[in-house]
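Being a predicted model, the structure only gives us computed values, none of them experimental. Just so you know, ligand 1 is whichever comes first in the structure, and atom 1 is the first atom listed for that ligand.
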Amino acid sequence: MKILIVGSGGREHALGWKLKQSPLVSELVSAPGNPGLAELGRCVPISVTDSGELATLAMREQVDLVVIGPESAAAEGLADRLAQVGVACFGPTQAAAELESSKAFMKDFCKRHGVPTAEYKVFDDAIHAKAYLGDREPPYVIKADGLAAGKGVILAETRREADAAIDEILFLRKFGAAGQRIVIEDFLPGEEASFFALCDGESAIALTAAQDHKRAYDGDKGPNTGGMGAYSPAPVFTDLARDQTMEQIILPTLRGMKAEGRPFTGVLFAGLMISADGPKLIEFNVRFGDPECQTLMRRLKSDLASVLMAAARGELASLPELEWSDDPAVTVVYAAQGYPDEPLTGSVIRGLAEAARIEGVEIFHAGTRRDEDGLLRAAGGRVLNITATAPNLADAVARAYASIQLIDWPGGFCRRDIAWRALD
Ligand code: AMP
């Protein structure tokens with residue numbers, strides 16, 4: 001198989017790393033890729049949102065399968081384009097991607113199909129939105145409807161903060177067009193977990209769960225980020241929670257999407273609050289989480305290429321059960337100083353080869369670039385993902401930090417407490 005991976009983050013490098021191990025894969029191409037993916041195959045500089053060019057590339061290269069990494073590519077309709085030209089695709093159509101690209105759609109959908117999630121209301125005007133707050137209890141959860149790179153959610157402790165958030169989104173357009181509408185929902189208490197299931201439009205199979213760290217600094221302090229680290233498995237996510245999530249959330253969603261003429265293919269990522277009376281859905285994402293994906297790829301023993309192809313072809317039901325390593329995996333995100341607000345790019349990174357030699361460690365690239373003179377430099381906010389596995393989580397964490405110790409990058413920082421909740 002020749003496979004085209006769309007994306008340029010640590011998630012896509014981890015998918016490529018795993019795909020490359022498959023005896024079924026003859027060649028990998030990435031668009032636009034990154035220096036890590038460039039070690040696995042050719043990278044073609046096409047933006048993830050340029051569906052037309054990507055479909056042309058897939059045809060010209062005669063790839064057997066396209067794997068969509070980021071939600072933006074799915075939301076732009078890449079899968080629809082590929083279907084038109086007859087190329088198999090792992091990833092949802094534009095209509096199916098609305099589960100992530102519109103929170104209002106997702107919440108209304110959950111209500112129609114009885115999927116457990118927080119009570120909510122959708123608004124496009126500030127006056128009614130503020131009036132609604134009068135009936136609710138703090139903390140208030142206010143969300144921009146559209147895609148806002150994980151930043152479109154505001155948790156407000158007071159009415160004053162909540163009113164300000166409504167004005168910022170609806171009037172000041174803090175999140176641009178993503179904030180034409182807002183969702184206000186009740187706060188769900190509990191511990192969060194990320195659960196992933198593979199879908200082929202008709203059937204779904206459970207992958208596994210992970211937990212991530214959204215805040216920038218130790219102790220879960222500081223601004224929200226795309227994710228500063230993750231680990232899998234998630235101790236809070238028991239077998240019972242998995243069964244409940246499949247029965248109450250994933251399968252009704254799959255059936256509902258099919259019934260509404262938007263069959264879902266790809267990975268359905270349920271952001272969950274594990275509460276006393278079972279898992280509740282916080283959000284759907286229509287792709288692997290980044291950095292959760294990196295930990296999943298380190299634990300998956302089954303052949304990824306055949307699994308993704310089976311999902312793309314609607315053949316998941318006939319797939320043998322997936323095998324996972326019992327060894328936990330952890331990812332520590334090494335970010336550029338200043339991330340998430342204003343990451344300083346351009347600084348030189350040295351020592352990766354030595355750092356990757358620590359037992360159990362794999363280093364995935366995210367926001368890096370290679371200079372004309374071969375130097376590796378920071379080119380984004382989240383720059384490297386140091387992943388490690390070991391027979392227990394404490395050792396995996398120790399290995400990841402031992403590896404980071406060997407990386408010579410004064411321009412970077414990372415959290416020092418990844419997986420603390422599971423280690424406590
Ligand atoms: P989202 O982008 O919808 O996943 O929201 C981002 C983060 O905000 C989540 O990971 C939660 O930590 C928090 N959050 C969102 N909605 C709720 C809610 N209804 N109750 C509690 N926390 C929430």
Any idea which part of L188 is under 4.0 Å from ligand 1, heavy-atom wise: side chain, backbone, both or neither?
-> both

Less than 3.5 Å between some nitrogen or oxygen of K214 and one of ligand 1, yes or no?
-> no

Taking the side chain as C-beta and beyond, is there a heavy-atom pair between Y334 and I386 under 4.5 Å?
-> yes

One finds that the ligand 1 atoms under 4.0 Å from a non-hydrogen atom of K143 are 3 (O), 15 (C), 16 (N)

Can you find a non-hydrogen atom of D186 under 4.0 Å from ligand 1?
-> yes

Does atom NZ of K258 have more than 12 heavy-atom neighbours from other groups under 6.0 Å away?
-> no

Just which atoms of ligand 1 are under 4.0 Å from any heavy atom in M273?
-> 21 (C), 22 (N)

Are any of the side-chain heavy atoms of L40 and L37 separated by less than 4.5 Å?
-> yes

Taking side chain as C-beta onward, heavy atoms only, is V63 less than 4.5 Å from I3?
-> no

of all protein heavy atoms, closest to atom 8 (O) of ligand 1 is V153 CG1, 3.6 Å

Check each atom of ligand 1 against the heavy atoms of E185 and keep those under 4.0 Å away; list them by number with element.
-> 16 (N), 17 (C), 18 (C), 19 (N)

Could you tell me the residue and atom name of the protein heavy atom closest to atom 23 (C) of ligand 1, and the distance to it rounded to 0.1 Å?
-> L155 CD2, 4.2 Å

For the side chain of E100 and the backbone of F284, is there at least one donor-acceptor N/O pair under 3.5 Å apart?
-> no

Sub-4.0 Å atoms of ligand 1 with respect to non-hydrogen atoms of I282 | 3 (O), 4 (O), 15 (C), 16 (N), 17 (C)

May I ask whether E192 places a heavy atom under 4.0 Å from ligand 1?
-> yes

Using a 4.5 Å cut-off on heavy atoms from C-beta on, say whether the side chain of D145 contacts that of F105.
-> no

Side-chain contact, heavy-atom cut-off 4.5 Å: I68 with F90?
-> no

What part of K103, side chain, backbone, both or neither, has a heavy atom within less than 4.0 angstrom of ligand 1?
-> side chain

Taking NZ, NE, NH1 and NH2 as the nitrogens, is one of them in K143 or E185 under 4.0 Å from a carboxylate oxygen of the other?
-> yes

